[in-house]
Amino acid sequence: MKIATWNINSVRARVDRLVAWLKAQAPDVLCLQELKCTNEQFPRAEIEACGYRAEVFGQKTYNGVAILSRAEVGDVQRGLNDGVDDDEARLISATFNGVHLIGLYAPNGQEVGSPAYAYKLEWYARLTRVLEQRYQSDQALLLCGDFNVAPDDLDVWDPRYFADKTLFTRPEREAFKKLRDSLGLVDAWRTLHPDLKAFSWWDYRLLAFPKNTGLRIDHFLLTPSLMARCKASEIDREARKGKQPSDHAPVWVELT
DNA sequence: ATGACGTGAGTATCACGA
């Protein structure tokens, strides 16, 4: 079973790329982030024409997440549903083949010290509480998506330059670690590539992709029992090439 | 100069991304 995640940075601007990638990679599940469209604007017909269903949690202009799958998913929930007043479409969860899936788009945080930065840290704390309240570490649970945090030095092209920059500040990395530790979750790609310096996002500016000045911020977090079934995980750097790409590459895991 | 691009909204320029 192949499960993928991709921050597509506007699904309407890239529907042709999306369809081509689904046909080429044939994942069983693809979690999408940054749809930048409402449920009504989502290109459902094109997705269904290539054999996928779509559970969509859209929002006008910003955010928006979806779960595409070859077979029907169960128990779909949109949002954290933790009682906090929050209308940002950043999380969708479902079950598929006995696996609890959570597809998420964590807040970016803008500048350190800004309201958006505080919201990001609070959002991580809320998600951690939700995991602790609703799941157990012995379940088959998988979180994937754009976490907007580079966890370690190896995940940043220049850790010294990023030391006090959003996505790599100590509070963000600690919030990510607390989320991971809540259920003993494992960073699947890093576990399978312990010494590799590779990225999943590159700035559109400054020739960042050809210079490979990127960050690894798109992740799969698995409970230990699910990690035992994970034999492969890769970042599809090819999908960042060519005309009008998303600034993120897709990431996938293969589960036995 | 670690230097500025892409998207949606709306129709000039701004908010936002990371």
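Heavy atoms only: backbone and side chains are in, while hydrogens, waters and symmetry mates are out. Letters A, B, ... are given to chains in the order of the sequence lines, protein chains preceding strands, and every chain is numbered from 1.
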N-O pairing of A:D152 and A:R190 below 4.0 Å: no

- prompt: How would you label the contact of A:R14 with the nucleic acid (heavy atoms, under 4.0 Å): base, sugar-phosphate, or nothing?
  reply: sugar-phosphate

query: With respect to the side chain of A:Y62, which nucleotide from B:dT7, B:dG17, B:dC16 is positioned closest?
result: B:dC16

task: Considering just the side-chain nitrogens and oxygens of A:R12, establish if one lies under 4.0 Å of OP1 or OP2 belonging to B:dA9.
output: yes

statement: Here the distance between atom P of B:dG17 and atom CZ of A:F209, to the nearest Å, is 23 Å

query: Short question: side chain of A:R237, backbone of A:A198 - any donor-acceptor pair under 3.5 Å?
result: no

- prompt: When the distance from CD of A:Q41 to P of B:dT7 is rounded to whole Å, what number comes out?
  reply: 16 Å

- prompt: Just how far, in rounded Å, is C1' of B:dG17 from CG of A:D203?
  reply: 9 Å

message: Does A:D158 reach a base, just sugar-phosphate, or nothing at all? Heavy atoms under 4.0 Å.
response: base

- prompt: Between B:dG17 and B:dA4, how far is it from one C1' atom to the other, in whole Å?
  reply: 13 Å

message: Side chain of A:R205, heavy atoms from C-beta onward: which of B:dT2, B:dG17, B:dT7 has the nearest atom to it?
response: B:dG17

statement: Assert: residue with more 5' nearest nucleotide on DNA chain B, out of A:V11 and A:T166, is A:V11

message: Suppose you measure atom P in B:dG10 against the same atom in B:dA15; what distance do you get, rounded to whole Å?
response: 14 Å

statement: When A:D247 and A:L35 are each assigned the nearest nucleotide of DNA chain B, the 5'-most assignment goes to A:L35

message: Does A:K23 form a salt bridge (charged side-chain N to carboxylate O under 4.0 Å, His left out) with A:E46? I'd like the steps, not just the answer.
response: CA-CA 12 Å; A:K23 287 179 175 168; A:E46 292 91 330; over 6 Å; no

task: Take the protein atom NZ of A:K36 and the nucleotide atom C1' of B:dG6, then report the distance between them rounded to whole Å.
output: 7 Å

- request: Assign A:F199 to base, sugar-phosphate, or nothing according to its heavy-atom contacts below 4.0 angstrom with the strands shown.
  value: nothing

task: With side chain to side chain contact (heavy atoms under 4.5 Å, CB included) as the test, would you mind laying out the steps for A:D138 and A:T223 before giving the verdict?
output: CA-CA 7 Å; A:D138 59 358; A:T223 46; over 6 Å; no

- request: Measure the distance from CG on A:L206 to C1' on B:dG3 and round it to the nearest whole Å.
  value: 6 Å

query: A:Q59 has an atom CD; how far is it from atom P of B:dA15, in whole Å?
result: 17 Å

- prompt: Separation of A:E111 atom CD from B:dA15 atom P, in whole Å?
  reply: 14 Å

message: Can you check the distance between B:dA12 and B:dT7, where both ends of the measurement are the C1' atom (answer in whole Å)?
response: 16 Å

field: Separation of the P atoms in B:dT13 and B:dG3, to the nearest angstrom
entry: 25 Å

message: Hydrophobic cluster membership, with links at side-chain heavy-atom distances under 4.5 Å among I/L/V/M/F/W/Y: are A:Y105 and A:I3 in one?
response: yes

query: Contact class for A:N7 (heavy atom, under 4.0 Å): base, sugar-phosphate, or nothing?
result: sugar-phosphate

field: Distance below 4.0 Å between A:S10 side-chain N/O and B:dG8 OP1 or OP2
entry: yes

task: May I have the distance from A:K120 (atom NZ) to B:dC16 (atom C1'), rounded to whole angstrom?
output: 14 Å

- prompt: Distance check: side-chain N/O of A:Q110 vs OP1/OP2 of B:dG17, anything under 4.0 Å?
  reply: yes

task: Using a heavy-atom cut-off of under 4.0 Å over every strand shown, decide if A:K60 touches base, sugar-phosphate, or nothing.
output: sugar-phosphate

- prompt: Donor-acceptor pair, A:E34 side chain versus A:N9 backbone, under 3.5 Å?
  reply: no

